[in-house]
**Q** 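Please see the structure below; I have some questions.
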Amino acid sequence: SNGINTTRAGGVNYNNIIGTKTDFQSNYFYSHNNPNTEKHIQRQYFLPDSFYFSNQNAFANNIASSHRVNLNADIIIDSFHSLKISPSFGYQETQNDSYTDYENLSNLQQKSIAGFSRNKSDNRGFNFRNDLLFRKKFRRKGRTFSLSVQNSFNNSNGEGNLESVNKFYNPLSGSLQRVDSINQNNSITGLLNGFTARVAYTEPIFKRSLIEVSASKSNTRSTANKETYDYNKQNGKYDQLNTLLTNDFENTYGYTQTGLRIRTQKKKYNYSLGVSWQLAELKGKIIAVTKDSIIRKTFNNLLPNARLQY
């Protein structure tokens with residue numbers, strides 16, 4: 001069957017004008033989702049000279065929950081200056097547990113293959129992001145200056161277990177010929193930290209047009225680590241490192257960008273034309289038990305842009 005899905009969700013909003021210069025907005029949201037499925041499948045396959053049966057049972061129980069908090073404060077410093085701060089927080093948890101068993105039977109009801117597989121995982125993640133925008137107006141209409149800074153931080157970790165056994169039989173006698181098995185634990189960690197800063201200055205050049213000059217800088221660094229250990233039958237511990245499924249990855253991406261754009265506002269439509277120059281750099285490093293790999297790329301780009309809104 002398709003199973004039973006249990007969902008719970010809710011949130012709350014709070015908004016307030018603090019004093020005469022601060023517009024404060026906030027909200028919190030929680031969600032919980034738990035699909036629980038159970039399937040039983042029986043099939044019969046017909047071949048030109050014979051037929052066989054296949055039976056399968058599958059069970060899955062997955063739980064996902066999350067918390068989100070968003071805050072926003074728009075502060076009017078004076079008639080020429082304003083500051084906007086928008087932080088957000090999030091936390092997620094997932095738990096997955098699936099089990100499947102199967103068997104194939106010959107037309108004489110003798111097993112040819114049978115086995116089971118169980119996969120369990122438990123993951124957690126935290127993320128934070130903050131946007132800061134400072135705006136300044138000058139006495140001349142259309143002349144403005146703005147500074148925006150965005151930073152983000154993500155952290156995740158989890159553990160998992162995979163156990164699988166496959167048994168192969170003689171389809172005529174039903175005797176067991178060989179057994180293949182997997183029994184391993186794994187752990188994963190991930191980290192991301194980045195920022196983007198941008199400054200922009202606008203100056204009116206015609207009655208309905210202005211020119212915008214901007215510059216920005218961005219940098220993001222992320223790491224991901226996975227360790228897998230096979231089960232040791234001699235001591236009953238997961239202490240045998242699986243080198244093929246163990247690796248460590250580091251990635252850094254950053255760019256510097258400058259741009260020039262002309263914006264025009266008409267009565268019924270507005271449009272903008274511009275071009276940006278961007279210097280981007282990518283660095284990647286894969287640390288494996290058997291071999292390391294390093295990636296380094298640099299890109300120079302001219303990025304034209306155009307927009308029309310009616």
Side-chain angles (χ1 to χ4, degrees), residues 3-18 22-37 60-75 82-98 119-135 146-161 185-198 216-228 247-255 257 280 282-285:
I4 300 174
N5 192 3
T6 303
T7 301
R8 297 193 300 269
V12 61
N13 297 289
Y14 175 76
N15 303 323
N16 192 15
I17 303 296
I18 303 175
T22 302
D23 183 4
F24 178 76
Q25 300 175 351
S26 64
N27 62 76
Y28 165 79
F29 184 78
Y30 168 78
S31 66
H32 176 91
N33 188 35
N34 179 205
N36 197 334
T37 61
N61 185 23
N62 303 317
I63 301 174
S65 60
S66 66
H67 303 262
R68 295 200 309 268
V69 177
N70 299 301
L71 306 174
N72 181 73
D74 202 344
I75 306 169
S82 66
L83 181 65
K84 186 176 183 180
I85 306 173
S86 305
S88 62
F89 309 84
Y91 179 77
Q92 305 85 32
E93 280 188 353
T94 59
Q95 296 176 334
N96 301 315
D97 188 355
S98 62
N119 197 338
K120 299 178 66 176
S121 64
D122 187 358
N123 299 282
R124 299 156 298 278
F126 170 80
N127 58 277
F128 167 77
R129 172 173 167 168
N130 185 51
D131 293 274
L132 186 147
L133 175 62
F134 171 76
R135 292 166 291 191
S146 65
L147 168 65
S148 62
V149 179
Q150 177 193 105
N151 64 294
S152 57
F153 175 81
N154 297 338
N155 186 18
S156 62
N157 58 81
E159 303 82 31
N161 173 263
N185 281 351
N186 66 78
S187 63
I188 57 173
T189 58
L191 183 67
L192 183 145
N193 196 356
F195 79 91
T196 300
R198 183 178 185 270
S216 58
K217 174 70 175 177
S218 178
N219 190 77
T220 302
R221 182 179 183 271
S222 62
T223 61
N225 173 268
K226 181 179 182 181
E227 294 182 345
T228 303
N247 56 69
D248 192 357
F249 180 68
E250 298 178 4
N251 179 69
T252 302
Y253 176 76
Y255 67 83
Q257 182 171 310
L282 172 66
K283 298 179 183 178
K285 186 177 182 181

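These numbers were taken from a predicted model, which means no experiment stands behind them.
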**Q** Show me the side-chain donor-acceptor pairs of residues 61-74 shorter than 3.5 Å, one per line, residues at least two apart or across chains.
**A**
from: Asn61; atom 1: OD1; to: Asn34; atom 2: ND2; distance (Å): 2.9
from: Ser66; atom 1: OG; to: Ser31; atom 2: OG; distance (Å): 2.7
from: His67; atom 1: ND1; to: Tyr28; atom 2: OH; distance (Å): 2.8
from: Asn70; atom 1: ND2; to: Asn27; atom 2: OD1; distance (Å): 3.0
from: Asn72; atom 1: OD1; to: Ser86; atom 2: OG; distance (Å): 2.6
from: Asp74; atom 1: OD1; to: Arg135; atom 2: NH2; distance (Å): 3.2

**Q** Would you say the side chain of Thr228 lies within less than 4.5 Å of the side chain of Lys226, judging by non-hydrogen atoms?
**A**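 Side chain of Lys226 against side chain of Thr228, heavy atoms only: contact under 4.5 Å found.
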
**Q** Can you name the ring pair (Phe, Tyr, Trp, His ring centres under 6.0 Å) partners of Phe29, sequence neighbours left out?
**A**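 Scan of Phe29 (ring pair (Phe, Tyr, Trp, His ring centres under 6.0 Å), adjacent residues dropped) gives none.
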
**Q** Would you check, one step at a time, whether the test side chain to side chain contact (heavy atoms under 4.5 Å, CB included) holds for Ile188 with Asn123?
**A** CA-CA 9 Å; Ile188 57 173; Asn123 299 282; 3.6 Å; yes

**Q** With sequence neighbours excluded, what pairs up with Tyr91 under the ring pair (Phe, Tyr, Trp, His ring centres under 6.0 Å) test?
**A**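 Residues passing ring pair (Phe, Tyr, Trp, His ring centres under 6.0 Å) with Tyr91: none at all.
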
**Q** Could I get the full list of salt bridge (charged side-chain N to carboxylate O under 4.0 Å, His left out) partners for Glu227, not counting sequence neighbours?
**A**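 Counting only residues at least two positions away or on another chain, Glu227 forms no salt bridge (charged side-chain N to carboxylate O under 4.0 Å, His left out).
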
**Q** In sequence, state the C-alpha distance, the side-chain angles, and the governing distance for Tyr255 and Ser216, and then conclude on side chain to side chain contact (heavy atoms under 4.5 Å, CB included).
**A** CA-CA 8 Å; Tyr255 67 83; Ser216 58; 3.9 Å; yes

**Q** State the OG-CG distance between Ser88 and Asn130, to the nearest 0.5 angstrom.
**A**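 Going from OG on Ser88 over to CG on Asn130, the span is 8.0 Å.
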
**Q** Could you pull out the closest heavy-atom pair between Ser218 and Thr196, with the gap in Å?
**A**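 That would be OG-OG1, 3.0 Å.
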
**Q** Would Glu159 and Arg124 satisfy side chain to side chain contact (heavy atoms under 4.5 Å, CB included), going step by step from the backbone distance to the final call?
**A** CA-CA 9 Å; Glu159 303 82 31; Arg124 299 156 298 278; 2.9 Å; yes

**Q** Would you check if there is a donor-acceptor pair between the side chains of Thr189 and Asn157 at a distance under 3.5 Å?
**A**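 There is no such pair (donor and acceptor under 3.5 Å, judged by atom type) between the side chains of Asn157 and Thr189.
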
**Q** Once you round to the nearest 0.5 Å, how far does OG1 of Thr22 lie from NZ of Lys84?
**A**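 If we round to the nearest 0.5 Å, Thr22:OG1 and Lys84:NZ are 13.5 Å apart.
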
**Q** For residues Asn5 and Pro35, report the shortest heavy-atom separation together with the two atoms involved.
**A**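 Result for this residue pair: OD1-N, 3.5 Å.
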
**Q** What distance do Ser26 atom OG and Asn15 atom CG have between them, rounded to the nearest 0.5 Å?
**A**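 With rounding to 0.5 Å, OG (Ser26) is 6.5 Å from CG (Asn15).
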
**Q** Could you walk me through whether Thr223 and Asn225 pass the side chain to side chain contact (heavy atoms under 4.5 Å, CB included) check?
**A** CA-CA 7 Å; Thr223 61; Asn225 173 268; over 6 Å; no

**Q** Output the distance between atom OG (Ser82) and atom CD1 (Ile75), rounded to the nearest 0.5 Å.
**A**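 If we round to the nearest 0.5 Å, Ser82:OG and Ile75:CD1 are 9.5 Å apart.
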
**Q** I want to check something: taking the side chain as every heavy atom from C-beta on, are Leu282 and Asn251 in contact at a cut-off of under 4.5 Å?
**A**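 Leu282 vs Asn251: side chains touch.
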
**Q** With a 4.5 Å limit on heavy-atom distance, are the side chains of Leu192 and Thr220 in contact?
**A**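 Yes, their side chains come closer than 4.5 Å.
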
**Q** Listed by chain and number, what are the ring pair (Phe, Tyr, Trp, His ring centres under 6.0 Å) partners of Phe195, not counting sequence neighbours?
**A**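 Per chain and number, Phe195 pairs via ring pair (Phe, Tyr, Trp, His ring centres under 6.0 Å) with no residue.
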
**Q** Can you label the angle between the His32 ring and the Tyr30 ring as parallel, tilted or perpendicular, going by 30° and 60°?
**A**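 His32 and Tyr30: parallel rings.
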
**Q** Hey, could you give me each pair passing side-chain hydrogen bond (donor to acceptor under 3.5 Å, both in side chains) that has a residue in residues 146-155? Not counting sequence neighbours.
**A**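 Those involving residues 146-155 are Asp131-Gln150.
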
**Q** Please round to the nearest 0.5 Å and tell me the distance separating atom CG of Asn119 and atom CG of Asn96.
**A**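 Asn119 CG to Asn96 CG: 8.0 Å, rounded to 0.5 Å.
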
**Q** Report yes if the side chains of Glu250 and Lys283 come closer than 4.5 Å at any heavy-atom pair, otherwise no.
**A**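 Side chain of Glu250 against side chain of Lys283, heavy atoms only: no contact under 4.5 Å found.
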
**Q** Heavy-atom distance under 4.5 Å between the side chains of Ile4 and Thr6, does that happen here?
**A**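 They are in side-chain contact.
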
**Q** What distance do Asn193 atom CG and Asn219 atom CG have between them, rounded to the nearest 0.5 Å?
**A**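 Between atom CG of Asn193 and atom CG of Asn219 there are 9.0 Å.
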
